[in-house]
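On a predicted model such as this, the values are computed, not experimentally measured, just so you know.
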Amino acid sequence: ELGDKIILFPMMLTPSYIASTETVPLFYTEKEKKSLLKVGKIITPSSYEKEQITKFYNISASKVVTIARYVSDSFSYNIHSVSHPKECVICYVASIKKQKQNRLALELLNVLCNQGIDAKLNMVGPIHDQDVYIDLMDYISKNNLENKFNHYGTISKAEIDSLYSKATFGISVSLCETFGRSVMEGLTSGLPMLVMNEIACLKTASSSTAGFIHVNTIEEMASSIIMLMNNPDYYKELSLAAANFGTEFRRKNIQPILAKAILQ
């Protein structure tokens with residue numbers, strides 16, 4: 001009876017951990033399934049995760065509700081523009097661990113710098129894997145990127161918004177996301193985003209209406225950045241699309257839907 005009253009909000013399940021190259025013990029997955037079966041309702045932020053729940057765990061779709069997470073009101077509505085075709089600031093909000101493929105962000109920075117772009121990278125997030133962090137520092141040193149890179153640990157949403165307001169692009173090079181909160185926060189701030197095609201939960205959105213561009217490789221991401229920097233009208237159009245798309249994830253729009261699902 002108690003289980004029927006519980007509403008579960010999953011936060012990364014076994015299929016996502018596996019997609020992020022993590023090793024998941026069988027007993028852990030079995031306990032996940034038992035929990036998913038026992039609860040009365042599951043609220044997931046994406047159809048991608050709903051598919052995991054219904055197919056991987058064989059949970060009835062009738063008990064799974066898809067509702068996007070809402071973005072903090074700290075993120076302001078800004079329309080960005082490019083003022084110089086060779087200067088850009090990139091933001092990657094992601095904790096430092098295998099899942100986030102942080103090194104790819106540095107490889108992107110290196111590609112842009114080698115092509116004559118005055119690029120800088122701001123990376124935001126706590127260090128969860130010391131080995132990954134050491135590898136990042138080693139890559140920075142070997143490629144002379146010390147003056148091109150800033151790492152911020154855990155900072156407030158308002159501070160992230162401030163970084164976004166001064167940025168030219170946001171990126172995500174993660175292996176797997178169940179929602180992509182940092183991407184949605186960037187879009188809400190009007191920041192054009194570039195994301196890897198590996199991020200399945202974002203594949204259903206169109207770049208023309210959502211303000212972000214899908215790419216397959218870091219080289220393709222660099223080419224897209226240079227293209228946008230040389231096309232200020234298209235860049236501004238993408239920024240406007242991002243900000244408008246982001247309004248869907250404002251608290252005032254999501255909260256009533258969430259409240260209704262919880263109280264039903």
Any Pro192 side-chain heavy atom under 4.5 Å of Tyr234 side chain: no

Side chains of Glu177 and Ser172, donor plus acceptor under 3.5 Å: no

His151 side chain to Gly125 backbone, donor-acceptor under 3.5 Å: yes

Leu258 vs Phe9, side chain to side chain contact (heavy atoms under 4.5 Å, CB included): CA-CA, chis, key distance, verdict: CA-CA 11 Å; Leu258 185 59; Phe9 294 80; 3.9 Å; yes

Residue Lys148 excluded, over 12 heavy atoms near NZ under 6.0 Å: yes

Pairwise side-chain contact, Phe249 with Phe179, heavy-atom cut-off 4.5 Å (strictly under): yes

Glu159-Ser156 side chain donor-acceptor pair, cut-off 3.5 Å: yes

N/O donor-acceptor pair under 3.5 Å between Ser46 side chain and Thr178 backbone: yes

Phe75 side chain near Ile160 side chain, heavy-atom distance below 4.5 Å: yes

Passing option when Ile262 is tested against Ile67, Ile257, Ile7 for side chain to side chain contact (heavy atoms under 4.5 Å, CB included): Ile7

Side chains of Ser174 and Met196 in contact at under 4.5 Å (non-hydrogen atoms): no

Heavy atoms of other groups near Lys41 NZ, more than 12 under 6.0 Å: yes

For Phe245 against Met184, the heavy-atom pair lying closest together: CE2-SD, 4.1 Å

Main-chain N/O of Asn244 paired with Thr247 side-chain donor or acceptor, under 3.5 Å: yes

His80 backbone acceptor or donor facing Ser239 side chain under 3.5 Å: yes

Check: Ser162 side chain, Ala158 main-chain N or O, donor-acceptor pair, under 3.5 Å: no

Val215 backbone acceptor or donor facing Glu220 side chain under 3.5 Å: no

Donor-acceptor pair between Lys33 and Thr29 side chains, under 3.5 angstrom: no

Working for side-chain hydrogen bond (donor to acceptor under 3.5 Å, both in side chains), residues Asp161 and Ser76: CA-CA 7 Å; Asp161 181 62; Ser76 53; 3.0 Å; yes

Asn147, CG: over 12 other non-hydrogen atoms inside 6.0 angstrom: no

Where Ile213 and Ser224 come nearest, the two heavy atoms and their spacing: CG2-OG, 4.2 Å

Stepwise ring-ring contact (aromatic ring centres under 6.0 Å, His included) check, Phe169 with Tyr235: CA-CA 10 Å; Phe169 297 98; Tyr235 176 92; 5.5 Å; yes

Side chain to side chain contact (heavy atoms under 4.5 Å, CB included) evaluation trace for Ile90 with Leu112: CA-CA 11 Å; Ile90 299 164; Leu112 289 169; 3.5 Å; yes

Leu136 vs Met123 side-chain heavy atoms within contact, under 4.5 Å: yes

Interatomic spacing from NZ in Lys142 to CG in Leu106 - rounded to 0.5 Å: 13.0 Å

Heavy-atom pair with the smallest gap, counting every atom of Ile79 and Ala243: CD1-CB, 3.9 Å

Spatial distance of atom CG (Leu145) from atom CE (Met137) [nearest 0.5 Å]: 10.0 Å

Exam field: side chain Lys166 to backbone Val89, donor-acceptor pair closer than 3.5 Å: no

Rounded distance (nearest 0.5 Å) linking atom CD1 of Ile43 with atom CD of Glu49: 12.0 Å

Taking every non-hydrogen atom, the tightest pair across Lys100 and Ser95: CG-O, 3.0 Å

Between Ser165 and Asn78: side-chain donor-acceptor atoms closer than 3.5 Å: no

Test item: Glu248 side-chain N/O and Asn253 main-chain N/O as donor-acceptor pair under 3.5 Å: no

Candidate list Asp129, Asp135, Asp131, test salt bridge (charged side-chain N to carboxylate O under 4.0 Å, His left out), partner Arg103, passing option: Asp135

Stepwise side chain to side chain contact (heavy atoms under 4.5 Å, CB included) test for Glu146 and Ser141: CA-CA 7 Å; Glu146 289 89 349; Ser141 178; 4.0 Å; yes

Contact summary for Glu51 and Thr54, nearest pair of heavy atoms: O-OG1, 3.3 Å

Passing option when Ile18 is tested against Leu13, Val24, Thr23 for side chain to side chain contact (heavy atoms under 4.5 Å, CB included): Val24

Ile225 and Ile117, any side-chain heavy atoms less than 4.5 Å apart: no

4.5 Å side-chain heavy-atom contact, Leu109 and Tyr92: no

Salt bridge (Lys or Arg N to Asp or Glu O under 4.0 Å) contacts touching residues 60-75 (sequence neighbours left out): Asp73-Arg251

Ala105 versus Ile171, closest heavy-atom pair with distance: CB-CD1, 3.8 Å

Trace of the side chain to side chain contact (heavy atoms under 4.5 Å, CB included) decision for Leu108 with Val173: CA-CA 10 Å; Leu108 170 68; Val173 292; 6.0 Å; no

Main-chain N/O of Met12 paired with Ser16 side-chain donor or acceptor, under 3.5 Å: no

